[in-house]
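Keep in mind it's a predicted model, so treat the numbers as computed, not measured.
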Amino acid sequence: MRLLLALLCCAASQAQAATVFKCVDAAGKVTFTQQQCPEQSALHDVVRANNPTPSGSGQPTEMAPRPGSQREALRREFDQLVDDMRAPARQSAQSVNVVGGDKPCSTGMSERDERTAVVRKQAVQGMTRQQIESMYGKPDNTTTANGELNYRYWNDQARTYTSVRFDQNGCSNWVYQSRDK
């Protein structure tokens with residue numbers, strides 16, 4: 001009975017083993033394949049490869065895609081879709097004419113100084129509504145007068161406030177920060 005069990009185990013392990021050909025070209029490059037050796041390569045050795053699954057049973061797991069496999073075909077298709085999506089952006093980027101700069105608002109500060117002001121929550125004339133809202137969030141009070149939008153933010157339990165007025169382009173044209181008395 002034990003002998004029969006041992007023979008069955010050996011037969012099962014041999015069924016998972018594969019024949020692999022070791023091919024070497026003139027430059028000494030080694031290639032392992034299950035088909036015939038590539039051109040300019042000579043058969044150097046025949047190897048029996050046994051790569052059981054980690055648990056010892058079940059289906060083997062493919063460690064890398066085979067050339068021409070479905071995974072490679074899907075990857076090529078994905079890369080082509082990405083290239084197709086980027087093509088209109090490349091074409092439109094070549095045909096865009098920028099007039100008057102790329103920023104509708106200007107603080108007169110360098111980008112670095114603007115970022116520093118935003119981090120320190122210091123509103124500056126010329127900042128955009130998006131910059132102001134990124135510092136303070138939505139305003140506590142909003143009013144409109146003469147086509148200009150005014151934001152008011154209460155600070156320190158309503159003892160101090162920051163008031164910012166925006167023009168029609170969304171650029172701050174007036175900033176006031178009260179001081180605690």
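Counting heavy atoms from C-beta outward, Arg129 and Leu149 have side chains that approach closer than 4.5 Å. Looking at heavy atoms from C-beta onward, Cys37 lies out of side-chain contact with Thr31 at the 4.5 angstrom threshold.
When all heavy atoms of Met109 and Asp113 are compared, the pair lying nearest together is CE-O, 3.3 Å. The minimum heavy-atom distance linking Gly126 with Cys105 is given by the pair O-CB, 3.1 Å. Counting all heavy atoms, side chain and backbone alike, Val124 lies closest to Ala117 at CG2-CB, 4.2 Å.
Taking CG of Asp25 as the reference point, atom CD of Glu39 lies at 12.5 Å (rounded to 0.5 Å). The structure places OG1 of Thr162 at 9.5 Å from CZ of Arg152, a figure rounded to the nearest 0.5 Å. Once rounded to the nearest 0.5 Å, the distance linking NZ of Lys22 with OG of Ser41 reads 12.5 Å. Taking OG of Ser106 as the reference point, atom CD of Glu114 lies at 7.0 Å (rounded to 0.5 Å).
At least one donor-acceptor pair closer than 3.5 Å links the side chain of Ser178 to the backbone N or O of Tyr161. Judged by distance alone, with hydrogens and angles left aside, the side-chain atoms of Gln125 form a donor-acceptor pair with the main-chain N or O of Asn173 at under 3.5 Å. Checked by atom type and distance alone, the side chain of Asn169 never pairs as donor or acceptor with a backbone atom of Cys171 at under 3.5 Å.
Each of Met127, Arg120, Gln122 was scored for a side chain to side chain contact (heavy atoms under 4.5 Å, CB included) with Met135, with one residue passing: Met127. A ring pair (Phe, Tyr, Trp, His ring centres under 6.0 Å) with Tyr151 is found for one member of Trp174, Tyr176, Phe166 and no other, namely Phe166.
For Phe21, the ring-ring contact (aromatic ring centres under 6.0 Å, His included) test picks out no residue, with sequence neighbours left out.
Residues Val20 and Val30 share a single hydrophobic cluster, defined by chaining ILVMFWY side chains whose heavy atoms lie under 4.5 Å apart. One hydrophobic cluster holds both Val24 and Phe32 under the rule that ILVMFWY side chains link at heavy-atom gaps under 4.5 Å.
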Expected list for residues 136-147: side-chain donor-acceptor pairs under 3.5 angstrom, two or more places apart:
residue : atom : partner : partner atom : Å
Tyr136  : OH   : Lys121  : O            : 2.9
Tyr136  : OH   : Gln177  : NE2          : 3.0
Asp140  : OD2  : Trp154  : N            : 2.7

